[in-house]
Amino acid sequence: LPDIDLPLPMAQGSWTRLEEVPWKWKPDSRGADHEVVGIYSQGERVVAMYLQLHLQQKQGEELVDSRSHFSVDPELWRITSQSNIDITLGDGREPVVQAVLRGAGHELRAWTWYRIGDHYTANPYEAKLLEIWGKLTFGRQDGARIVLAAEADDGQDAGKILQSFLSDHLAEIEASLDRVVQGEEL
């Protein structure tokens, strides 16, 4: 693998970067070639962004596998609900997997989806097909998992907070992933 770090997207608009996430949960990142965690705030609203980039995949270290989208330590966290929802992603609507996680004095709403090459999907079967298509056509074979999380118990609509963050940062997230894939020096 090239010795390039996955750059953390710059804070956009009225968002600022924080040093620490106010909760102890993070998604499973086994097998990721590059991973970065960014914590952003807009006033009292906090969003954690987890980017997991897979450039080379091998048995047991695949981007898409049978593991849960939201791994939790059952002693500390539990998933109280999980469903597919449609969000605005770029110029269109795309499905993502949403979960509400509760534990350690926090309730989080988290969204996750895949970016295979430059295509988005939350469906693991479609993600696998996109990976295969990339190999067959000698196209992009990189894949990323994007996870956003926000407090769900702060009296504000966590979904609106996540959508606001995503609307402001999607272009930066894509640019960060693309720079690593294209092997650019950062």
Side-chain angles (χ1 to χ4, degrees), residues 1-2 4-9 21 23-40 46-73 77 79 81-90 92-101 108-135 139-150 158-159 161-163 165-182:
L1 290 177
I4 297 175
D5 291 326
L6 178 59
L8 191 59
V21 67
W23 52 80
K24 298 290 185 209
W25 174 82
K26 73 175 264 198
D28 186 353
S29 62
R30 283 179 282 174
D33 296 313
H34 301 278
E35 178 185 28
V36 67
V37 178
I39 313 305
Y40 300 83
V46 175
V47 171
M49 177 189 61
Y50 308 89
L51 298 179
Q52 302 164 350
L53 180 62
H54 292 250
L55 295 172
Q56 299 177 355
Q57 300 182 52
K58 58 186 176 196
Q59 188 68 36
E61 295 184 356
E62 299 96 347
L63 171 63
V64 182
D65 61 16
S66 60
R67 288 177 288 177
S68 168
H69 289 289
F70 302 100
S71 298
V72 295
D73 178 343
W77 292 90
I79 299 170
S81 69
Q82 186 169 319
S83 61
N84 290 341
I85 63 166
D86 287 338
I87 64 166
T88 301
L89 200 55
R93 303 280 295 166
E94 294 286 338
V96 298
V97 179
Q98 173 181 265
V100 176
L101 302 104
L108 306 178
R109 177 165 304 174
W111 291 352
T112 188
W113 65 97
Y114 303 106
R115 182 176 189 239
I116 310 298
D118 57 2
H119 301 281
Y120 292 110
T121 184
N123 183 313
Y125 299 107
E126 184 179 356
K128 280 291 188 189
L129 288 173
L130 288 167
E131 289 176 341
I132 292 167
W133 182 252
K135 288 179 183 178
R140 285 183 60 171
Q141 296 176 35
D142 59 291
R145 182 166 167 232
I146 302 166
V147 181
L148 300 179
I161 294 167
L162 292 172
Q163 184 64 70
F165 175 84
L166 188 57
S167 296
D168 288 345
H169 290 87
L170 183 62
E172 275 292 312
I173 292 168
E174 290 173 338
S176 292
L177 294 169
D178 290 343
R179 280 194 293 269
V180 173
V181 170
Q182 294 164 2

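Just the heavy atoms: all of them, side chains too, but no hydrogens, waters or symmetry mates, feed the values below.
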| said: Just verifying a value: how many Å separate L177 CG and I146 CD1, rounded to the nearest 0.5 Å? | reply: 5.5 Å
| query | Looking only at heavy atoms, what is the nearest atom pair of Y50 and W25, with distance? | reply | OH-O, 3.1 Å
| message | If I compare all heavy atoms of I79 with all of A99, which pair ends up nearest, and what's the gap? | response | CG2-CB, 4.3 Å
| said: Using the side chain to side chain contact (heavy atoms under 4.5 Å, CB included) definition, which of the options I161, V21, L166, D168 pairs with V47? | reply: I161
| task | Just jot down the side-chain contact (heavy atoms from CB on, under 4.5 Å) partners of E126, sequence neighbours excluded, or say none. | result | T121, N123, L130
| query | Taking only residues two or more places apart in sequence or in another chain, which ones pass side-chain hydrogen bond (donor to acceptor under 3.5 Å, both in side chains) with Q163? | reply | S167
| request: Could I get the full list of side-chain contact (heavy atoms from CB on, under 4.5 Å) partners for D86, not counting sequence neighbours? | output: R93, P95
| message | In the structure I gave you, are the side-chain heavy atoms of L101 and W23 within less than 4.5 Å of one another anywhere? | response | no
| request: Compare all side-chain heavy atoms of M49 with those of L8 and state whether any distance is below 4.5 angstrom. | output: yes
| said: Counting C-beta onward and ignoring hydrogens, is there a side-chain heavy-atom pair between Q52 and T112 closer than 4.5 Å? | reply: no
| request: First locate atom CG of L51, then atom CZ of R115, and finally report the distance between them rounded to the nearest 0.5 Å. | output: 10.0 Å
| remark: Value for CH2 (W111) from CZ (F165), rounded to nearest 0.5 Å, stands at 11.5 Å
| field | Heavy-atom pair of closest approach, residues L162 and A150 | value | CD2-CB, 3.7 Å
| note | Closest non-hydrogen contact found for A122 with Y114 is O-CE1, 4.0 Å
| note | Of all heavy-atom pairs linking G159 and R109, the shortest is N-NH1, 3.6 Å
| field | Heavy-atom side-chain proximity of L148 to Y40 below 4.5 angstrom | value | no
| request: Please tell me if the side chains of V36 and S176 come closer than 4.5 Å, counting only heavy atoms from C-beta onward. | output: no
| request: Rounded to the nearest 0.5 Å, what's the gap from CG on L89 to CH2 on W113? Could you check? | output: 6.0 Å
| query | With S81, which residues qualify under side-chain contact (heavy atoms from CB on, under 4.5 Å), at least two apart? | reply | V100
